[in-house]
Amino acid sequence: PDSASDGTRATRRVWTGCSAAVERIRVEGGGHTWPGGNAYLDEATIGRVSRDFRASDEIVRFFDAHPRP
């Protein structure tokens with residue numbers, strides 16, 4: 001879900017028909033930060049933190065959905 005208050009927008013793209021699973025989450029308006037993480041410096045220095053998703057949770061979700069053979 002989009003968090004309207006964070007000033008970012010995240011979009012997911014999934015490619016099908018590939019020999020391996022491929023997904024990308026693009027964050028527009030975000031800074032050099034970990035989505036869903038803590039702002040380790042002020043916004044003027046590192047940019048906005050996206051609150052649209054938690055990057056760590058998405059990584060775990062992806063690998064749980066696509067286990068190694």
Side-chain angles (χ1 to χ4, degrees):
D2 184 44
S3 174
S5 65
D6 69 3
T8 70
R9 180 173 179 225
T11 55
R12 178 189 311 267
R13 182 168 180 190
V14 178
W15 284 266
T16 59
C18 302
S19 60
V22 180
E23 293 186 27
R24 177 192 72 197
I25 300 175
R26 179 179 178 173
V27 177
E28 297 176 38
H32 190 76
T33 61
W34 192 253
N38 296 320
Y40 48 90
L41 292 171
D42 61 285
E43 188 175 304
T45 303
I46 61 172
R48 296 181 181 119
V49 177
S50 177
R51 301 289 174 206
D52 295 348
F53 65 100
R54 291 177 43 93
S56 299
D57 294 344
E58 286 300 317
I59 292 168
V60 170
R61 182 203 59 78
F62 180 85
F63 284 113
D64 282 348
H66 304 95
R68 292 179 67 182

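For the numbers below, each heavy atom of this structure counts, side chains included, while hydrogens, waters and symmetry mates do not.
Tracing side-chain contacts under 4.5 Å through hydrophobic residues (I, L, V, M, F, W, Y), one never reaches V22 starting from V60; they form parts of separate clusters.
Counting all heavy atoms, side chain and backbone alike, H66 lies closest to A21 at CD2-CB, 3.2 Å. Between A10 and I25, the shortest heavy-atom distance links the atoms CB-CG2, 4.2 Å. For the pair V27 and S50, the tightest heavy-atom approach, listed with the atom from each and the gap, is CG1-CB, 3.8 Å.
Within the 3.5 Å criterion, the main-chain N or O of G37 finds a donor-acceptor partner in the side chain of R51.
For Y40, the OH atom counts as densely surrounded, since its 6.0 Å shell holds more than 12 non-hydrogen atoms of other residues, nucleotides or ligands. With a 6.0 Å radius and a threshold of 12 heavy atoms from other residues, nucleotides or ligands, N38 has its CG atom at or below the threshold.
Taken to the nearest 0.5 Å, the CZ atom of R61 stands 4.5 Å off from the CD atom of E23. Rounded to the nearest 0.5 angstrom, E58 CD and R12 CZ are separated by 4.5 Å.
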| message | Please determine whether side-chain contact (heavy atoms from CB on, under 4.5 Å) holds for the pair D52 and D6, giving the CA-CA distance in whole Å, both sets of side-chain angles, and the decisive distance to 0.1 Å. | response | CA-CA 8 Å; D52 295 348; D6 69 3; 3.3 Å; yes
